[in-house]
Amino acid sequence: MLHKKARLTSAEVCEIIKHGRSVRLGTLSAKFIKETSGKAAVVVSAKVAKNAALRNKLRRAAYLALRTSLPQGVHVVFFLHKPVLDKNELDSLCLKLI
């Protein structure tokens, strides 16, 4: 998991979804806004995984992968579109945000 300071609040997530720029790579997409600090959130829809336990497992795996590759200077919301997480794909998407 990311530290509490590195995670976005629900109000920040709504703001980014409304006004952020989009990037997509394979089974992941992201919306982001340039800021001074680096914060992130991960969203897994019920369409991707019907079971809440699987959605939470995917979310936790994404947060774990983001610990090392979280880009500084952006607030970003990641969306998973398939019930699998590829760490290399997540790293590549983080590099596109800079």
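All residue numbers refer to positions in the sequence shown, counting from 1.
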Review point. Does the Lys31 side chain pair with the main chain of Ile17, one donor and one acceptor, at a distance under 3.5 Å?
Key: yes

Study note, to complete from the structure: Heavy-atom closest pair (Ala49 atom, Leu54 atom, distance to 0.1 Å) is CB-CD2, 3.7 Å

Exercise for review: Return yes when atom CZ of Arg24 has more than 12 non-hydrogen atoms of other residues, nucleotides or ligands closer than 6.0 Å, and no otherwise.
Suggested key: yes

Check your understanding: Do Val77 and Val74 belong together in a cluster built from hydrophobic side chains that touch within less than 4.5 Å?
Key -> no

**Study point:** Atom pair NZ/CG of Lys96 and Leu28 - distance to nearest 0.5 Å
**Key:** 11.0 Å

Check your understanding: Can you tell me if NZ on Lys34 sees more than 12 non-hydrogen neighbours from other groups inside 6.0 Å?
Key -> yes

Check your understanding: Are Leu2 and Val42 grouped together when hydrophobic residues (ILVMFWY) are joined by side-chain heavy atoms under 4.5 angstrom apart?
Key -> yes

Review point. Are the side chain of Arg55 and the backbone of Ser45 linked by a donor-acceptor contact shorter than 3.5 Å?
Key: no

Check your understanding: If you group Ile, Leu, Val, Met, Phe, Trp and Tyr by side-chain heavy-atom gaps below 4.5 Å, do Leu64 and Val48 land in one group?
Key -> no

Practice item. Is it possible for you to say whether Phe32 and Leu66 belong to one hydrophobic cluster, with membership spreading through side-chain heavy-atom contacts below 4.5 Å? Key: yes

Exercise for review: For side chain to side chain contact (heavy atoms under 4.5 Å, CB included), just list the numbers for Ile33 and Arg21, CA-CA rounded to whole Å, side-chain angles, deciding distance to a tenth of an Å, and then say yes or no.
Suggested key: CA-CA 7 Å; Ile33 294 176; Arg21 294 178 46 201; over 6 Å; no

Exercise for review: Could you tell me whether a side-chain N or O of Arg7 sits under 3.5 Å from a main-chain N or O of Lys39, the two making a donor and an acceptor?
Suggested key: no

Check your understanding: Same hydrophobic cluster for Phe79 and Leu25, using side-chain heavy-atom links shorter than 4.5 Å among ILVMFWY?
Key -> no

**Study point:** Exceeds 12 heavy-atom contacts within 6.0 angstrom, atom NE2 of His3
**Key:** no

Exercise for review: Keeping the roles fixed (side chain from Ser69, backbone from Ala65), state whether a donor-acceptor pair exists under 3.5 Å.
Suggested key: yes

Point to revise | Beyond-backbone contact of Ile16 with Val76, side-chain heavy atoms, under 4.5 angstrom | key: no

Check your understanding: How long is the span from the CG atom in Leu80 to the CG atom in Leu90, to the nearest 0.5 Å?
Key -> 8.0 Å

**Study point:** Partner residues of Glu89 under the side chain to side chain donor-acceptor pair (under 3.5 Å) criterion, sequence neighbours left out
**Key:** Thr27

Exercise for review: Tell me yes or no: between the side chains of Ser37 and His75, is some donor less than 3.5 Å from an acceptor?
Suggested key: yes

**Study point:** Heavy-atom pair with the smallest gap, counting every atom of Leu93 and Ala30
**Key:** CD2-CB, 4.0 Å

